[in-house]
Amino acid sequence: MPASTTALILSAEHREFIQGGVSITAGSGNADGLPSMARAIGCGLGDDGQRLRLLFCPVRASGLLTDIAASGRVAVTFSQPSNNRTLQLKGRDARLEAGGADDDALRERYARAFVTDLAKLHFPEALVRVLLQVLAPAPVAVVFQPDAAYSQTPGPGAGAALK
């Protein structure tokens with residue numbers, strides 16, 4: 001698995017944003033170049049405040065998890081439904097970890113924040129919680145250090161690399 005060459009330092013604003021009520025979608029690809037993607041069900045940060053821990057339902061994300069395990073590559077989009085603010089982070093050192101006891105609190109914190117944001121758009125809580133269910137005994141975590149970040153908010157700055 002290739003290691004990340006340049007660590008990206010996330011600002012406090014970005015750290016708060018990616019752990020808030022955002023839609024989180026991750027993608028990767030296989031050796032033949034075919035893409036895979038899945039919705040994450042939570043995002044936390046490591047003790048250093050920079051390394052990401054994304055949670056996935058292993059049943060819904062099996063293709064993505066297989067591709068990440070093989071390549072170490074991941075691209076994650078964080079988008080605020082109520083205003084379309086969007087940030088994309090990429091990493092090349094992603095690895096899989098089993099979900100742990102601390103992940104239950106992370107999942108619930110994320111679910112509450114996501115429900116709150118989608119309520120502004122009149123989505124019922126029950127529908128949002130179905131999107132975030134784990135259809136297995138435990139979630140799987142993808143842990144990585146971002147090495148690239150881009151603003152993907154619609155408009156003239158979309159696609160611009162963040163410094």
*Asks:* Do V76 and T25 pass the side chain to side chain contact (heavy atoms under 4.5 Å, CB included) test, and can you show the C-alpha distance, the side-chain angles, and the key distance before you say yes or no?
*Replies:* CA-CA 6 Å; V76 187; T25 307; over 6 Å; no
*Asks:* Taking only residues two or more places apart in sequence or in another chain, which ones pass salt bridge (charged side-chain N to carboxylate O under 4.0 Å, His left out) with E16?
*Replies:* none
*Asks:* Give, for atom CG of D93 and atom CG of D147, the distance between the pair rounded to the nearest 0.5 Å.
*Replies:* 7.0 Å
*Asks:* Between the side chain of D117 and the main-chain N/O of Q80, is any donor-acceptor distance below 3.5 Å?
*Replies:* no
*Asks:* Donor-acceptor check, side chain of S151 to backbone of A158, threshold 3.5 angstrom: yes or no?
*Replies:* no
*Asks:* Would you please test H14 and L89 for side chain to side chain contact (heavy atoms under 4.5 Å, CB included) and show each step?
*Replies:* CA-CA 10 Å; H14 290 135; L89 301 176; over 6 Å; no
*Asks:* Within a strict 4.5 Å, meaning less than it, do heavy atoms of the V140 and L55 side chains meet?
*Replies:* no
*Asks:* Working to the nearest 0.5 angstrom, can you tell me the gap between R51 CZ and F144 CZ?
*Replies:* 9.0 Å
*Asks:* Quick one: does L132's side chain get under 4.5 Å of R39's, heavy atoms only?
*Replies:* yes
*Asks:* Within this structure, what is the SG-CZ distance for the pair C43 and R109, rounded to the nearest 0.5 Å?
*Replies:* 7.5 Å
*Asks:* Using modelled atom types only, decide if a donor and an acceptor are shared between the side chain of R53 and the backbone of A141 within a distance under 3.5 Å.
*Replies:* no
*Asks:* Under the 3.5 angstrom rule, does the side chain of D103 hit a backbone N or O of G100 as a donor-acceptor pair?
*Replies:* yes
*Asks:* Is any side-chain heavy atom of V142 closer than 4.5 Å to a side-chain heavy atom of L64?
*Replies:* no
*Asks:* If you count the non-hydrogen atoms of other residues, nucleotides and ligands that lie under 6.0 Å from CZ in F123, is the total more than 12?
*Replies:* no
*Asks:* With rounding to the nearest 0.5 angstrom, report the CZ to CG distance, R107 to D102.
*Replies:* 13.0 Å
*Asks:* Working to the nearest 0.5 angstrom, can you tell me the gap between L162 CG and I9 CD1?
*Replies:* 13.5 Å
*Asks:* F56 and side-chain contact (heavy atoms from CB on, under 4.5 Å): which single residue from L96, V134, I41, L65 fits?
*Replies:* L65
*Asks:* When you look at CG of D48, are more than 12 heavy atoms from neighbouring residues, nucleotides or ligands closer to it than 6.0 Å?
*Replies:* yes
*Asks:* Between R112 and E125, does any NZ, NE, NH1 or NH2 come within less than 4.0 Å of an OD or OE carboxylate oxygen?
*Replies:* no
*Asks:* CG/L131 to CD/Q133 distance, rounded to the nearest 0.5 angstrom?
*Replies:* 9.0 Å
*Asks:* Could you tell me whether the side chain of S28 and the main chain of R73 form a donor-acceptor pair under 3.5 Å?
*Replies:* yes
*Asks:* Please find the pair of heavy atoms, one from P81 and one from F114, that lie closest to each other, and give the distance.
*Replies:* CG-CE1, 3.8 Å
*Asks:* Is any side-chain heavy atom of L10 closer than 4.5 Å to a side-chain heavy atom of I18?
*Replies:* yes
